[in-house]
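For reference, the structure is listed below as structure tokens.
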Amino acid sequence: MTDGIAPDRLEKLQALRAAGQDPFPARVPRGEPVAAVLADFAGRQGRAATLCGRLGQIRDFGKLRFAHLQDRTGSIQVGFQRERLPAFWPERKRIESNDLVSVTGELGTTQKGEPTLWATEVVLAAKALRPAPEKWHGLTDTEQRYRMRYVDLFANPEVRDAFARRSLVVREVRAYFDSLGYLEVETPILQPIFGGAAARPFRTHHNALGMGLFLRIAPELYLKRLLVGGMERVYEIGRVFRNEGVSTRHNPEFTMLESYEAWADYRDVMARVEGLFAHLVAKVLGGDGKVVFRGRDYDLRPPFQKARYLDLFAAANPGVDWFDDAAVRRRARELGLPVDGIAAATLANDVFEATVEDGLQGPVFVHDYPVAISPLAKRLAADPRVTERFELFVAGMELGNAFSELNDPLDQEQRFVEQVAQRSDETPGEVDLDYVTALEFGMPPAGGLGIGIDRLCMLLSGAASIRDVVLFPLLRRLDPTAAAADDAEAPAPPPAP
RNA sequence: GGGGGCGUAGCUCAGCCGGUAGAGCAGCGGCCUUUUAAGCCGUAGGUCGCAGGUUCGAUCCCUGCCGCCCUCACCA
């Protein structure tokens, strides 16, 4: 890991040490934010200031050198003059671009009016043993950007901005639910039985308890236990883990918002989602709901369009009845979809996805999903074939999923039993009886919501790939021997000592 | 997993029809007190992703592997 060190930088480090200087001091004179200085620059000219940050490229004029200094708030030019820095001058070359420094000096301008800190005191805060990427292009190699995000972040300001925006999005999502009296809670990530979604889980093991565990695929079942407990409005923003493929819109670990509100139904939840977007448009996008995503314009200001699932299906597949297996199969073959061994409802939904979903530019609420593909949602009283459920689509991407929650313990247990009987690797190996027990104590009618925070951030920042809003996306190991030792089929966990 | 693309200096990239590799920036040495992609002169820097094969000769052609990107599948 040390073979990327630049020899010349190591030499400078050793020269500094030989001269009795600490290249990694515990503390240096602390400065103020660069942005604060720039904000009141006119009023502070001629006054002293201290700034800390990373040095950019040095522009050397012999007895004068310029460089920019960058901190989290911005960057400003620093001027080093021989006549102001007699003691520092002989060692000036030991401090170079990419080093972290504390600079004290006098604020002024250059002949061209550039705000400049004319240094009178330069303290090395941390020596950089590796050079920064090229100044003009920055770091562009995608793989390097993900593997060395720390470099990506300091070399590419727009990357910092994107993650600052993500932070803002999460903060404002919290603010919205907090303002409605929801309690933010944290539920188990390590779960003995996984549930709340259909996905393959990651497995792990607790040594002391000698117990196999799963990383959660959804917090859903624990949050609904809280409704039974009387916490009528709860939400959680947390990581969930799904042992599936990686793509521009899937990372194996991602951040999910789930909220549950007692005494509400899916119509109420729809209003909450619109309220959330109104809030985010105001706070994150500055009131302008227009975003560009994957080359298209979207307006995220509510209200959003609404369309019935079956209406969309009928419009895209004239003459095909969603509930008519034979007709659906015919249509699926026509579309070139695989049909063998696929359950009727699943196939019908495949046809929906193939003919409707990609075209859902939205934002649009697709609602009233067939019960066969909605195992956790309540049936619509007026039409028991469909459920009180909606999904929010933008740019053909599923952003959210919500429904009136099933709270009938007998029905729930029956559905769990059927699920377990399917014995797929996406279904739990046993019924979550404790959850059923919770429902038996009585869960108020409730509306629940799940929103993928990563995808929401993609949309709000125009990021085409989920990896552009995940700081450290999952990548393969580079070390081939380590990679070969890994087994995709999860090696047996180490026994307890 | 299928298909397509990519991998060359620390970074960004050239490299023709096969003849053992080049630029800019960064580095190093010099000149320069107002630059801001500073400039000028000089200099150093390479396991051409890895391993085989074809060939007198491979960065280039072939095969396998590794990694990344796109896409399809998977993933409500």
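Just so we're on the same page: letters track the sequence lines, and every chain starts at 1. Computed from a prediction, not measured in an experiment: that's the story for all the values here.
At a threshold of 4.0 angstrom between heavy atoms, the contacts of Ala155(A) with the nucleic acid are absent. Here Arg249(A) lies out of heavy-atom contact (under 4.0 Å) with every strand. At a threshold of 4.0 angstrom between heavy atoms, the contacts of Arg147(A) are confined to the sugar-phosphate backbone, with no base atom among them. At a threshold of 4.0 angstrom between heavy atoms, the contacts of Glu244(A) are confined to the sugar-phosphate backbone, with no base atom among them. Within 4.0 Å of Tyr146(A), counting heavy atoms only, lie sugar-phosphate atoms of the nucleic acid but no base atom. Using a 4.0 Å heavy-atom criterion, one finds that Glu83(A) contacts the bases of the nucleic acid, with or without backbone contacts as well. Counting non-hydrogen atoms under 4.0 angstrom, Asp60(A) reaches a base of the nucleic acid. Within 4.0 Å of Arg59(A), counting heavy atoms only, lies at least one base atom of the nucleic acid. Contacts of Gly138(A) with the nucleic acid, taken as non-hydrogen atoms under 4.0 Å apart, involve only primed sugar atoms and P, OP1 or OP2.
Residue Lys12(A) places at least one side-chain N or O closer than 4.0 Å to OP1 or OP2 of C28(B). Considering only side-chain N and O atoms, Lys112(A) lies nowhere under 4.0 angstrom from the phosphate OP1 or OP2 of U33(B). Look at Gln57(A) and you won't find any side-chain N or O under 4.0 angstrom from OP1 or OP2 of U36(B). Thr110(A) has no side-chain polar atom (N or O) that falls below the 4.0 Å cut-off from OP1 or OP2 of U33(B). Close to G67(B), at under 4.0 Å from its OP1 or OP2, lies a side-chain N or O of Arg476(A).
With distances taken from any side-chain atom of Leu139(A) to the nucleotides G27(B), U12(B), C68(B), the minimum falls on U12(B). Of the candidates C28(B), C32(B), U34(B), the closest approach to any side-chain atom of Leu64(A) belongs to U34(B). Side-chain proximity of Ser465(A) to the nucleotides U35(B), U34(B), C70(B) is greatest for C70(B). Listed nucleotides: C28(B), U12(B), C69(B). Nearest to the side chain of His137(A): U12(B). The listed nucleotides are U33(B), C25(B), G27(B); the one nearest the side chain of Lys135(A) is C25(B). Comparing G10(B), U36(B), C68(B) by their nearest atom to the side chain of Pro131(A) picks out G10(B). Counting only heavy atoms from C-beta on, Asp8(A) has its side chain closest to C28(B) among C25(B), C28(B), U35(B). Distance from the side chain of Thr248(A) is smallest for C70(B) among the nucleotides C74(B), C70(B), C28(B). When the nucleotides G67(B), U36(B), C69(B) are ranked by their closest atom to the side chain of Thr142(A), C69(B) comes out on top.
With C1' as the reference atom, G15(B) and U20(B) are 13 Å apart, rounded to whole Å. Atom name C1', nucleotides A37(B) and G1(B): the rounded distance is 45 Å, in whole Å. Spacing between U59(B) and C6(B) at atom C1', rounded to whole Å, works out to 14 Å. Nucleotides C11(B) and G64(B) place their P atoms 29 Å apart, quoted to the nearest Å. Nucleotides C17(B) and G53(B) have their P atoms positioned 27 Å apart, rounded to a whole Å. The same atom, C1', is picked in A51(B) and in G10(B); the two are 26 Å apart, to the nearest Å. The gap from the P atom of G39(B) to that of G19(B) amounts to 34 Å, rounded to the nearest Å. Nucleotides U8(B) and U33(B) are separated by 40 Å at their P atoms, to the nearest Å.
With its ring centre under 5.5 Å from that of the base six-membered ring and a plane angle below 30°, Phe66(A) counts as stacked on U35(B).
The interatomic distance linking Leu474(A) (CG) with C68(B) (C1') rounds to 13 Å, in whole Å. Per the geometry, CH2 belonging to Trp136(A) stands 9 Å off P belonging to A38(B), to the nearest Å. Rounded to whole angstrom, the span from the CZ atom of Phe80(A) across to the C1' atom of U34(B) amounts to 15 Å. When rounded to the nearest whole Å, the span between CG of Asn98(A) and P of C11(B) equals 13 Å. Atoms CG (Leu69(A)) and P (U36(B)) sit 19 Å apart, rounded to a whole Å. Atom C1' of nucleotide U36(B) and atom CH2 of Trp118(A) are separated by 11 Å, given to the nearest angstrom. In this structure, CG of Leu475(A) is placed 8 Å from C1' of C68(B), rounded to the nearest angstrom. Summarising the geometry, the separation between CD1 on Ile58(A) and C1' on G39(B) is reported as 17 Å, rounded to the nearest angstrom.
Aromatic ring pairs are classed by plane angle as parallel below 30°, tilted from 30° to 60° and perpendicular above 60°; the pair Tyr309(A) and Phe352(A) is parallel. Ring geometry for Phe313(A) versus Trp322(A): interplanar angle over 60°, hence perpendicular rather than tilted (30 to 60°).
Distance check: Leu257(A) CG to Asp454(A) CG gives 11.5 Å after rounding to the nearest 0.5 Å. Going from atom CZ of Arg203(A) over to atom CZ of Phe214(A) covers 4.5 Å, rounded to the nearest 0.5 Å.
Side-chain atoms of Arg166(A) and Thr255(A) form a donor-acceptor pair, as typed in the model, at a separation below 3.5 Å. Inspection of the Thr110(A) and Gln77(A) side chains reveals no N or O donor paired with an N or O acceptor under 3.5 Å. Side-chain atoms of Arg379(A) and Thr387(A) include no donor-acceptor pair closer than 3.5 Å.
For Glu134(A) against G24(B), a side-chain-to-base donor-acceptor contact under 3.5 Å is present.
G52(B) is paired with C62(B) under the Watson-Crick or G-U wobble criterion, all donor-acceptor distances under 3.5 Å. Pairing partner, G1(B): C72(B), with both Watson-Crick or wobble hydrogen-bond distances short of 3.5 Å. Across all strands shown, the partner of G67(B) is C6(B), judged by Watson-Crick or G-U wobble contacts whose two distances both fall under 3.5 Å. Within the shown strands, C31(B) is the pairing partner of G39(B) under the Watson-Crick or G-U definition, both distances less than 3.5 Å. Base pairing of G24(B) is made with C11(B), judged by Watson-Crick or G-U wobble geometry with both donor-acceptor distances under 3.5 Å.
Counting heavy atoms from C-beta outward, Ile76(A) and Leu38(A) have side chains that approach closer than 4.5 Å.
Arg308(A) CZ: 12 or fewer foreign heavy atoms inside a 6.0 Å radius.
Checked for salt-bridge contact, Glu388(A) and Lys378(A) miss the test: no charged N lies under 4.0 Å from a carboxylate O.
Between Phe403(A) and Arg467(A), it is Arg467(A) whose nearest contact on RNA chain B lies nearer the 5' terminus.
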